[in-house]
Amino acid sequence: MSNLTILRTYAQTNPAKLPPSVLFSHTTTSLTIYDAFAKGIFHFLILPRVQAPFTVSELSSLRTLLRGDKARAKQLLTALNEDAKTLRKEIEEEMLDRFGFTWGVWTGFHGAPSMEHLHLHVLSDDLCTERMNKKKHYNSFHPKLGFFLDIDEVLSWFDAEDSYFSSMANMDPRKHYEPMLKEDLSCWRCNTSMKNIPTLKAHLQEEFDALAKREKAKIERRRKLEEKAARRETDATE
DNA sequence: GTTCTAGAAC
DNA sequence: GTTCTAGAAC
C-alpha cells in the first residue's frame with residue numbers, strides 16, 4: 001500500500017475492518033485515526049469518509065475541496081469541526097487522567113499536505129515527541145508561520161469576500177506554503193530563536209514542564225478552596 | 001516515511 | 001572529533 005494514498009484507502013474502507021491500532025473512532029461521515037508519526041503527545045487525524053455527493057478527487061485535499069462547490073465544502077468542514085470539538089474534549093479528559101492537567105490542543109490543516117485525502121490534524125501543543133525530528137515537521141505546526149491553517153481560520157474564509165475566498169482556495173502550495181517550512185526555528189510559545197532541533201526540543205520540554213507545574217498548582221489551589229468551602233458548609237449546618 | 005552521507009557548525 | 005542538518009535515493 002502506498003504511503004501517499006493510505007489515508008484515502010482508510011476513508012474508503014469499512015471502519016469495522018480497520019485495526020484498532022489505526023482507528024480511534026468513527027461516525028457515519030468521518031473517521032478519527034491515530035497519526036502514525038505523532039508530533040504531539042496526542043495527535044489524531046480526522047478524515048471525511050467518501051460519500052456522495054463528494055468524489056474521491058474532491059476530497060483529495062483542502063485545496064480541491066475549496067475549489068469545488070462552496071456550500072458543500074463549508075458544510076463538510078463544519079461537520080469535521082464538530083467532530084474535532086468532541087475529540088478535543090476526549091483528549092482533555094485523558095490529559096487529566098494521565099497527566100493531572102490539561103494543555104493546548106490545536107485543530108487545523110497543512111497548507112501543503114504530504115498525503116492524499118483531506119485530513120484534519122488534532123494535536124496537543126507540546127510538540128516535542130520522539131517523532132519530532134525535522135525542521136519541516138516543527139514548522140508545519142508552528143502557529144505563527146502560516147503553514148498550519150487553524151480550522152476556525154479556514155471557516156472564516158467562507159464569510160470573507162469572494163475574491164479573498166478564491167485567493168485562499170487557489171493558493172499555490174509549492175510557492176506559498178512550502179517555503180514556510182524552511183523558516184528559522186523558533187519557540188512558538190516565547191518566540192526565542194533556536195539554533196537546531198535538539199536545542200528546540202529541550203526548550204519545548206522545559207516550557208512544557210513549567211506549564212505542567214503551574215497548571216497542577218492552579219488545580220490544587222482550586223481543590224483546596226472547594227474543600228474549605230465544603231467544610232464551612234458542614235460547620236454551618238452543625 | 002527512512003537511510004545514507006557530505007559538509008557545516010560547534 | 002562530534003553533532004547536526006539537508007538533500008538524494010529509496
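Throughout, a chain's letter reflects where its sequence line sits, starting with A, and its residues are numbered from 1.
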| task | Can you tell me which residue pairs pass the salt bridge (Lys or Arg N to Asp or Glu O under 4.0 Å) test with a partner in residues 17-45 of chain A, sequence neighbours excluded? | result |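 Passing the test, one end in residues 17-45 of chain A: no pairs.
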
| task | Scan for side chain to side chain donor-acceptor pair (under 3.5 Å) pairs involving residues 80-89 of chain A, sequence neighbours excluded, and state none if there are none. | result |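 As it turns out, the side chain to side chain donor-acceptor pair (under 3.5 Å) pairs with a partner in residues 80-89 of chain A, which skip direct neighbours, are A:S30-A:D83, A:E82-A:K85, A:R88-A:T107.
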
| request: Scan residues 133-142 of chain A for pairs that pass side chain to side chain donor-acceptor pair (under 3.5 Å), counting only residues two or more places apart or in two chains. | output: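 Sorted result for residues 133-142 of chain A: A:H110-A:S140, A:H142-A:S186.
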
| Non-hydrogen side-chain atoms of A:F42 and A:R98 separated by less than 4.5 Å |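 Yes, at least one pair of side-chain atoms sits under 4.5 Å.
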
| field | Heavy-atom side-chain contact between A:T102 and A:L96 under 4.5 Å | value |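 Counting from C-beta outward, A:T102 and A:L96 do come under 4.5 Å.
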
| said: Counting the benzene-type ring for Trp, do A:H121 and A:F141 have ring centres under 6.0 Å apart? | reply: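 That pair passes the under 6.0 Å test.
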
| Do the two ring centres, one from A:Y10 and one from A:H119, sit under 6.0 Å apart? |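 That pair fails the under 6.0 Å test.
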
| Where does the chain A footprint on DNA chain C start and end, counting 5' to 3' with a 4.0 Å heavy-atom cut-off? |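 The contacted stretch runs from C:dC4 to C:dG7.
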
| request: Sort out for me which residue in A:V50, A:T64, A:T5 forms a side chain to side chain contact (heavy atoms under 4.5 Å, CB included) with A:V56. | output: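 Exactly one option meets the side chain to side chain contact (heavy atoms under 4.5 Å, CB included) with A:V56, and it is A:V50.
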
| Residues from residues 172-192 of chain A sitting under 4.0 Å of DNA chain B, heavy atoms only? |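 The answer is none.
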
| query | Which of residues 107-135 of chain A have a heavy atom under 4.0 Å from DNA chain C? | reply |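 A:K135 - these, ordered by number, are the residues of the stretch whose heavy atoms sit under 4.0 Å from the strand.
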
| message | Angle between ring planes, A:W106 versus A:W188, binned at 30° and 60°: parallel, tilted or perpendicular? | response |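 Judged by the thresholds at 30° and 60°, the geometry between A:W106 and A:W188 is perpendicular.
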
| said: For the residue pair A:K218 and A:F101, would you count it as a cation-pi contact if the rule is NZ or CZ under 6.0 angstrom from the ring centre and within 45 degrees of the ring axis? | reply: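 Because its charged atom misses either the 6.0 Å distance or the 45° angle limit, A:K218 does not stack over A:F101.
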
| request: Assign A:K39 to base, sugar-phosphate, or nothing according to its heavy-atom contacts below 4.0 angstrom with the strands shown. | output: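 Sugar-phosphate contact only.
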
